[in-house]
Amino acid sequence: MSSLNFITPSQMSGILTDKNGERLDVKTNISGFFAASCRLFIDHKKVEMKQVK
């Protein structure tokens, strides 16, 4: 479990399995002080994200 503490980025990681049974390494970094930001990596490749309100 990870908590958002606003000083150091929270890091979460895990494994997802796709419909073909392939394992995907998933990592996220969540940080921010006035607004939260998130970076997502799947199989060590950064996924571009769009903020939605």
Side-chain angles (χ1 to χ4, degrees):
M1 177 183 264
S2 186
S3 62
L4 187 60
N5 66 15
F6 300 110
I7 296 171
T8 58
S10 295
Q11 299 178 357
M12 295 176 271
S13 62
I15 303 281
L16 293 176
T17 305
D18 70 9
K19 63 182 177 182
N20 299 321
E22 300 283 329
R23 293 172 56 121
L24 303 170
D25 181 45
V26 178
K27 296 180 183 178
T28 63
N29 295 322
I30 301 173
S31 62
F33 190 74
F34 294 109
S37 65
C38 178
R39 293 183 296 170
L40 173 65
F41 297 86
I42 298 178
D43 281 344
H44 308 287
K45 297 175 189 168
K46 187 174 180 182
V47 176
E48 293 300 320
M49 300 179 65
K50 179 180 176 183
Q51 183 176 358
V52 178
K53 290 185 178 184

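Other residues sharing the hydrophobic cluster of Val47, ordered by chain and number and joined by side-chain separations under 4.5 Å: Leu16, Leu24, Val26, Leu40, Ile42, Met49.
Residues meeting the side-chain hydrogen bond (donor to acceptor under 3.5 Å, both in side chains) test with Ser37, sequence neighbours left out: Ser31. Qualifying side chain to side chain contact (heavy atoms under 4.5 Å, CB included) partners for Asp25, counting only residues two or more places apart in sequence or in other chains: Ile15, Lys27, Asp43, His44.
Residue Glu48 holds its CD atom at 13.0 Å from NZ of Lys50, rounded to the nearest 0.5 Å.
At distances below 3.5 Å, at least one donor-acceptor pair connects side-chain atoms of Asp18 with backbone N or O atoms of Asn20.
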